[in-house]
2 protein chains.
Amino acid sequence: MVAATISVQSAAAAVPAQRFIDDYLLYLLARASHVVSTEFHTVLRRAGVQVPVWRVLATLAGSPGETVSGLADACLLQQPTMTKLLDRMVRDNLVKRLPDPKDRRVVRIQMTTRGETVVNELLASAKKHETEVLARHPDIDATALKTLLRGMIGRHRRGKRLPG
Amino acid sequence: MVAATISVQSAAAAVPAQRFIDDYLLYLLARASHVVSTEFHTVLRRAGVQVPVWRVLATLAGSPGETVSGLADACLLQQPTMTKLLDRMVRDNLVKRLPDPKDRRVVRIQMTTRGETVVNELLASAKKHETEVLARHPDIDATALKTLLRGMIGRHRRGKRLPG
DNA sequence: TGGTCTTTTATGAAAATGCATGCTACTAAT
DNA sequence: ATTAGTAGCATGCATTTTCATAAAAGACCA
């Protein structure tokens, strides 16, 4: 819409100087993510569950037996952060650590019964919330948007380690 | 990573049992944002600039004289976090605090010369990076995507914010 | 077998963040 | 003017995250 399409020179006066960030893809992505996530965080607060805890539980819901590093990657956290988060979640009886029979370096994380109870309620709320969000945006093709986002994610997975 | 892929029923083979989060809009948004931002953070690290510092400078670049709360909102941070971040940025001679002549409660933030120098280099890098990202995704209509994201952002502003 | 390199998780000190609250300044109503 | 209410910023403490590094196990190779 509007601006950005008008040519450069004389148009500059006609286009009010927007902030850089308001046309910066990385910012728009971050802000959109933040805005919709913040809505759901209200649900989490009411349930007394911290955001990173929810992320771990939601990840484990679909893929039990994740490793510490795997969870860190999935939850967009650093590995030491995940280790300490898991310390708290073990303390709160949401998950437990199990040794990997094949590789003794690896620690596999499994939800406790309590963890599963908690996540099941939250998963229902999350799906409901997602539906509400999409309902507010009838112009958005959810499937297409998700495909697009997965494309952005996938095409950048050049190894899951720190880029030099 | 590992298994968990072994199908449960024959139908499961047709529809691979995805993790919940892999089809969850909020997660895909967060992950896409994280992935592309992380790329740019490499640039920031090389420049010795922390991520929140970059966000403040980038915001000020297009809109000088922001308030503390305005910056917190723009940078997706809480107000006390912003106050402390600004303490450090003042200490590092990137910005300065100025009183607002109309309202003595308000503190206006202005970049120093050094701040402007730093941000100008980073803005150039950011634009270059954005171009690269979009170049990797020829299937994505940048204008349409940005419009979509702005829509998501705008339609959720049920908070107190400029009516703009 | 022994040495070296890599991978995986944990730890510890320092830095940043979140939350509640305090304080000052403006606003509105009486 | 007085009071009450609100807005904007700062502060203190507890919690969390980060950064660098350690420790332990597996992989590779001579």
Side-chain angles (χ1 to χ4, degrees), chain A residues 30 34 37-38 41-42 44-46 48-56 65-92 94-110 159-164, chain B residues 1-2 30 34 37-38 41-42 44-46 48-56 59 65-92 94-110 159-163:
Chain A
H34 183 264
S37 290
T38 297
H41 296 173
T42 304
L44 294 178
R45 281 194 66 85
R46 275 198 276 269
V49 175
Q50 292 185 330
V51 174
V53 169
W54 150 244
R55 292 193 172 141
V56 170
E66 275 281 0
T67 67
V68 175
S69 303
L71 282 173
D73 179 70
C75 297
L76 317 177
L77 298 175
Q78 302 198 294
Q79 174 267 311
T81 305
M82 181 55 68
T83 288
K84 287 160 187 168
L85 173 57
L86 290 171
D87 288 346
R88 286 171 251 145
M89 292 180 69
V90 168
R91 180 199 64 195
D92 296 342
L94 290 169
V95 298
K96 47 191 168 187
R97 287 181 163 96
L98 295 176
D100 182 299
K102 300 280 188 186
D103 186 338
R104 283 184 299 172
R105 292 170 304 180
V106 171
V107 173
R108 301 234 164 242
I109 306 299
Q110 196 173 74
K160 46 186 62 178
R161 299 306 289 172
L162 302 172
Chain B
M1 323 4 175
V2 108
H34 182 263
S37 288
T38 297
H41 295 175
T42 303
L44 294 178
R45 282 194 68 83
R46 276 199 273 270
V49 174
Q50 293 185 331
V51 175
V53 169
W54 151 244
R55 292 194 172 139
V56 169
T59 302
E66 275 281 0
T67 68
V68 175
S69 304
L71 282 174
D73 178 70
C75 297
L76 317 177
L77 298 175
Q78 302 199 295
Q79 174 266 311
T81 304
M82 181 55 67
T83 289
K84 290 161 188 169
L85 173 57
L86 290 171
D87 288 346
R88 287 170 251 146
M89 292 180 69
V90 168
R91 179 200 63 195
D92 297 341
L94 290 168
V95 299
K96 47 191 168 186
R97 287 180 162 95
L98 295 176
D100 183 298
K102 301 280 187 186
D103 187 338
R104 283 182 299 171
R105 292 170 303 181
V106 172
V107 173
R108 303 239 162 232
I109 307 299
Q110 195 172 75
K160 34 152 162 229
R161 200 49 206 143
L162 308 171

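Quick caveat, the model's predicted, so the values are computed rather than measured. Numbered from 1 within each chain, the chains take letters A, B, ... in sequence-line order.
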Nucleotide-resolved protein contact map, nucleotides 12-19 of chain C, B/S/- at heavy-atom distance under 4.0 Å: BB--SBBB
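Here D:dG8 presents its C1' atom at 13 Å from CG of B:Leu86, a figure rounded to the nearest Å. If you measure from atom CD of B:Glu66 to atom C1' of D:dC9, you get 15 Å, rounded to the nearest angstrom. At whole-Å resolution of the value, CE in A:Met82 and P in D:dT16 are 14 Å apart. In this structure, B:Ile109 places its CD1 atom 10 Å from C1' of D:dC9, rounding to the nearest Å. The nearest whole Å value for the distance from the CZ atom in B:Arg108 to the C1' atom in D:dG8 is 11 Å.
Not counting sequence neighbours, A:Arg104 has no partner by the side chain to side chain contact (heavy atoms under 4.5 Å, CB included) test. A:Arg97 pairs by the side chain to side chain contact (heavy atoms under 4.5 Å, CB included) definition with A:Thr83, A:Leu86, A:Asp87, A:Val90, A:Val107, A:Ile109, not counting sequence neighbours. In this structure, B:Arg45 has no side chain to side chain contact (heavy atoms under 4.5 Å, CB included) partners at least two apart in sequence or on a different chain. In this structure, the side chain to side chain contact (heavy atoms under 4.5 Å, CB included) partners of B:Asp103, at least two apart in sequence or on a different chain, are B:Asp100, B:Arg105, B:Val106.
Atom NE2 in B:His34 sits 8.5 Å away from atom CG in A:Asp73 (nearest 0.5 Å). Residue A:Gln79 holds its CD atom at 9.0 Å from NZ of A:Lys84, rounded to the nearest 0.5 Å. The structure places NZ of A:Lys96 at 13.5 Å from CE of A:Met89, a figure rounded to the nearest 0.5 Å. B:Arg55 contributes atom CZ, which lies 6.5 Å from atom CG of B:Leu76 (distance to the nearest 0.5 angstrom).
End-to-end axis angle for the helix from C:dT1-D:dA30 to C:dT30-D:dA1, using five pairs per end and rounding to 10°, comes out at 30°.
Side-chain contact check for A:Met82 versus A:Val56: some heavy-atom pair is nearer than 4.5 Å.
Mapping A:Gln79 and B:Thr67 onto DNA chain D by nearest heavy atom places B:Thr67 at the nucleotide closer to the 5' end.
In this structure, B:Ser69 reaches the D:dC9 phosphate: one of its side-chain N or O atoms is under 4.0 Å from OP1 or OP2. Distances shown here put a side-chain N or O of B:Arg104 below 4.0 Å from the OP1 or OP2 atom of C:dC26.
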Enumerate the protein-to-nucleotides 4-7 of chain C contacts in which both atoms are nitrogen or oxygen and the separation is below 3.5 Å.
unit_1, atom_1, unit_2, atom_2, d
C:dT7, O2, A:Arg105, NH1, 2.8

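A heavy atom lying under 4.0 Å from DNA chain C marks the following residues of residues 94-103 of chain B, by number: B:Asp103.
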Check against side-chain contact (heavy atoms from CB on, under 4.5 Å), A:Arg108 and A:Thr67: CA-CA 5 Å; A:Arg108 301 234 164 242; A:Thr67 67; 3.5 Å; yes
